[in-house]
Amino acid sequence: MTELKLSETRDLTRIERVGAHSHIRGLGLDSSLEPRAVSEGMVGQVSARKAAGVILQMIKDGKIAGRAVLLAGQPGTGKTAIAMGMAKSLGLETPFAMIAGSELFSLEMSKTEALTQAFRKAIGVRIKEETEVIEGEVVEVQIDRPAVAGAAAKTGKLTLKSTEMETVYDLGAKMIEAIGKEKVTSGDVIAIDKASGKITKLGRSFSRSRDFDAMGPQVKFVQCPDGELQKRKEVVHCVTLHEIDVINSRTQGFLALFTGDTGEIRAEVREQIDTKVAEWKEEGKAEIVPGVLFIDEVHMLDIECFSFLNRALENEMSPILVVATNRGITTIRGTNYKSPHGIPIDLLDRLLIISTQPYTEDEIRKILDIRCQEEDVDMSEGAKHLLTKIGVETSLRYAIHLITAAALACQKRKGKTVELDDINRVYNLFLDVKRSTQYLMEYQSQYMFSETGEVDEDDTNAMVQ
Ligand SMILES: Nc1ncnc2c1ncn2[C@@H]1O[C@H](COP(=O)(O)OP(=O)(O)OP(=O)(O)O)[C@@H](O)[C@H]1O
Ligand SMILES: [Mg+2]
């Protein structure tokens with residue numbers, strides 16, 4: 001038998017980078033909100049996921065405003081992961097805005113302005129518009145070019161048909177240009193927006209499917225539209241309140257959305273927009289879609305921000321607020337008072353608290369498994385076992401980081417599967433926190449600024465056992 005040699009092909013479509021949470025695709029709940037043990041990249045943390053699922057349902061119903069949830073737990077127990085899971089399962093229609101507590105202090109605007117913008121990024125407005133469109137299959141495009149170039153404007157005719165009728169339309173110069181640009185030919189099914197004259201190609205008519213060979217696979221086939229050629233169509237746009245603010249507040253309008261240079265938005269502008277949106281809502285033209293604002297590392301906010309949050313939550317146009325922290329009892333930023341999670345009691349009282357638990361050995365193993373798949377790393381059973389042990393002894397994050405490093409070590413020795421030795425090697429190359437601290441204790445005197453034995457209080461307050 002002759003051996004067939006297949007040329008190696010490489011998949012070029014997967015060029016996205018693998019991030020810390022790229023394996024999370026949802027919360028992994030079934031239809032009755034019960035968490036599946038391992039699903040959508042999520043492992044364990046059952047009660048927290050279930051609670052998050054209930055919140056999600058609340059958001060989807062869209063009736064409740066101004067609820068707030070706190071995800072509290074030790075570092076690396078999946079708080080951010082759960083929030084990402086919530087964002088993924090909400091879908092594209094519901095806005096999900098995400099900021100880190102520390103971001104507020106590095107923006108070129110006041111903290112409350114930054115918070116207001118974040119709140120308004122989390123509220124969607126679904127605007128309904130009725131437009132008249134002409135939709136049909138192109139029977140013929142006929143464009144008359146004048147004999148002498150530039151002597152007269154081009155004229156032309158476009159014949160469209162539906163299953164029931166056929167009409168010939170006269171074309172102006174602008175339409176001819178649009179048709180040329182979209183490369184409309186007979187057999188295409190197109191829609192023309194009557195107000196703007198915009199032409200959209202919907203696909204090729206099924207009656208032309210025998211031309212398939214000549215078209216290539218990327219062509220979409222659609223039915224020839226039925227009924228009248230002219231139709232009223234409802235189009236729905238989804239924007240956030242923040243986008244409406246930006247477009248109306250600046251001379252450069254929507255361009256500010258791309259540069260991100262929105263600056264402070266005046267209160268009057270916001271008031272006008274709120275009234276307008278309320279009007280649209282009355283008239284049935286618009287619908288408010290409250291989304292989610294997720295503030296990670298919420299202990300980085302200071303007392304002013306916290307009291308702003310108290311008030312903002314009571315607004316009826318408020319999104320669901322999800323905050324996360326890994327701090328225990330610590331000082332509230334901007335004061336000398338201590339409080340659980342570094343959050344003032346009055347705000348804590350308004351929060352539903354979801355706590356995340358440390359993972360068991362089995363769960364760590366499953367998370368590592370998922371990460372190996374996500375990073376396309378082949379790992380032997382023994383190596384996985386050792387890595388799980390490392391994860392239990394040190395931290396989940398450290399173990400996750402070792403996957404990439406071990407894969408590189410394996411590549412270096414031209415291996416295909418990561419073995420025990422590779423893990424051993426990178427374990428000795430990169431220190432985890434415990435070993436690094438130990439090393440520091442031993443050689444402390446040789447470092448700079450290390451005369452005092454005191455450690456900054458804020459840093460030791462993370463919820464570490
Ligand atoms: N239940 C889980 N299922 C799958 N992956 C998880 C799970 N929990 C955590 N991870 C992964 O473990 C890593 C650490 O989790 P994450 O960043 O969510 O921790 P955290 O609670 O936000 O920690 P911190 O308090 O330090 O911010 C991430 O890569 C995350 O995707
Ligand atoms: Mg986090």
Side-chain angles (χ1 to χ4, degrees), residues 16-29 34-53 56 69-89 96 98-103 292-301 322-330 340-343 353-375 377 384 387-388 390-392 394-405 407 432-434 458-465:
E16 17 172 328
R17 296 177 51 174
V18 179
H21 304 285
S22 47
H23 61 289
I24 309 277
R25 311 194 205 290
L27 281 175
L29 307 175
E34 280 302 316
R36 299 191 194 96
V38 181
S39 171
E40 298 188 300
M42 273 283 187
V43 179
Q45 210 61 263
V46 178
S47 59
R49 274 161 61 199
K50 201 164 160 179
L56 212 62
V69 182
L70 168 68
L71 290 164
Q74 291 94 322
T77 47
K79 299 179 294 293
T80 310
I82 288 180
M84 300 301 277
M86 285 173 81
K88 290 270 164 68
S89 23
F96 187 99
M98 186 163 179
I99 56 167
S102 44
E103 262 173 61
V292 182
L293 172 61
F294 175 54
I295 307 183
D296 209 350
E297 318 281 333
V298 73
H299 50 263
M300 290 306 293
L301 299 190
V322 179
V323 299
T325 179
N326 56 16
R327 295 301 157 102
I329 296 171
T330 180
H341 312 296
I343 300 173
I353 302 178
I354 301 177
S355 79
T356 52
Q357 310 298 332
Y359 292 110
T360 63
E361 188 171 338
D362 193 38
E363 284 163 345
I364 290 184
R365 191 191 161 88
K366 281 184 188 136
I367 295 177
L368 291 174
D369 252 344
I370 294 177
R371 286 301 300 185
C372 282
Q373 271 170 29
E374 185 70 24
E375 296 185 26
V377 174
K384 261 186 201 161
L387 198 59
T388 312
I390 292 176
V392 175
T394 62
S395 76
L396 175 62
R397 279 222 177 87
Y398 177 69
I400 290 179
H401 289 325
L402 285 195
I403 297 178
T404 325
D432 58 287
V433 181
K434 253 190 224 161
D458 217 34
D459 293 334
T460 50
N461 263 329
M463 288 211 275
V464 205
Q465 311 80 319

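For ligands, and for the atoms within them, numbers begin at 1 and follow the listed sequence. All values below were derived from every heavy atom in this structure, side-chain atoms included, with hydrogens, water molecules and symmetry-related copies excluded.
- Looking only at heavy atoms of the protein, atom 30 (C) of ligand 1 is closest to His21 ND1, 3.6 Å.
- By the 4.0 Å heavy-atom criterion, Ala20 is counted among the residues contacting ligand 1.
- Glu40 has no carboxylate O lying under 4.0 Å from a charged side-chain N of Arg49, or vice versa, which leaves the two without a salt bridge.
- Given atom 23 (O) of ligand 1, the protein heavy atom at minimum distance is Gly76 N, 2.8 Å.
- Of all the heavy atoms of Arg371, none lies under 4.0 Å from any atom of ligand 1, so neither backbone nor side chain is involved.
- How far CE of Met86 is from CD1 of Ile82: 9.0 Å, rounded to the nearest 0.5 Å.
- Atom 7 (C) of ligand 1 has Tyr359 OH, 3.2 Å as its closest protein atom, hydrogens excluded (heavy atom only).
- When only non-hydrogen protein atoms are considered, atom 13 (C) of ligand 1 lies nearest to Ile400 CD1, 3.9 Å.
- If you check each of Ala83, Gly78, Ala399 against atom 9 (C) of ligand 1, the one with the closest non-hydrogen atom is Gly78.
- Within the 4.0 Å heavy-atom criterion, the part of Glu297 lying near ligand 1 is the side chain and not the backbone.
- Taking a cut-off of under 4.0 Å to the non-hydrogen atoms of Met42, the atoms of ligand 1 that pass are 1 (N), 2 (C), 3 (N).
- Heavy atoms of Leu396 found under 4.0 angstrom from ligand 1 belong exclusively to the side chain.
- Taking atom 16 (P) of ligand 1 as the reference point, the nearest protein heavy-atom neighbour is Arg397 NH2, 3.5 Å.
- Here the side chain of Ser39 pairs no donor or acceptor atom with the backbone of Arg36 at under 3.5 angstrom.
- Under the 4.0 angstrom criterion for non-hydrogen atoms, His23 is in contact with ligand 1.
- Glu375 and Thr404 form a side-chain donor-acceptor contact under 3.5 Å, judged by distance and modelled atom types alone.
- Residues Ser22 and Glu374 are in side-chain contact: their nearest non-hydrogen atoms beyond the backbone lie under 4.5 Å apart.
- Atoms of ligand 1 lying under 4.0 Å from any heavy atom of Asn326, numbered from 1 in the order shown and given with element: 24 (P), 25 (O), 26 (O).
- The shortest side-chain heavy-atom distance between Tyr359 and Ile367 falls under the 4.5 Å cut-off.
- Coordination check, Asn326 versus the Mg ion (ligand 2): failed, since every N/O/S atom of the residue sits at 2.8 Å or beyond.
- When Gly28, Pro75, Ala81 are checked for heavy-atom proximity to atom 18 (O) of ligand 1, Ala81 turns out nearest.
- The main-chain N or O of Thr77 is found under 3.5 Å from a side-chain atom of Gln45 such that the two form a donor-acceptor pair.
- Between Gln45 and ligand 1, not a single N/O pair is under 3.5 Å apart.
- Counting only heavy atoms from C-beta outward, the side chains of Val322 and Ile295 never approach each other to under 4.5 Å.
- With a 4.0 Å cut-off on non-hydrogen atoms, Ile367 touches ligand 1 through its side chain and not its backbone.
- In this structure, atom 4 (C) of ligand 1 lies nearest to the protein heavy atom Gly41 O, 3.1 Å.
- In this structure, the protein non-hydrogen atom closest to atom 3 (N) of ligand 1 is Val43 N, 3.0 Å.
- For Lys79, a nitrogen or oxygen atom sits less than 3.5 Å from a nitrogen or oxygen atom of ligand 1, counting backbone and side chain alike.
- Taking atom 22 (O) of ligand 1 as the reference point, the nearest protein heavy-atom neighbour is Thr80 OG1, 2.6 Å.
- Side-chain contact of Thr325 with His341: a donor-acceptor pair under 3.5 Å is absent, judged by distance alone.
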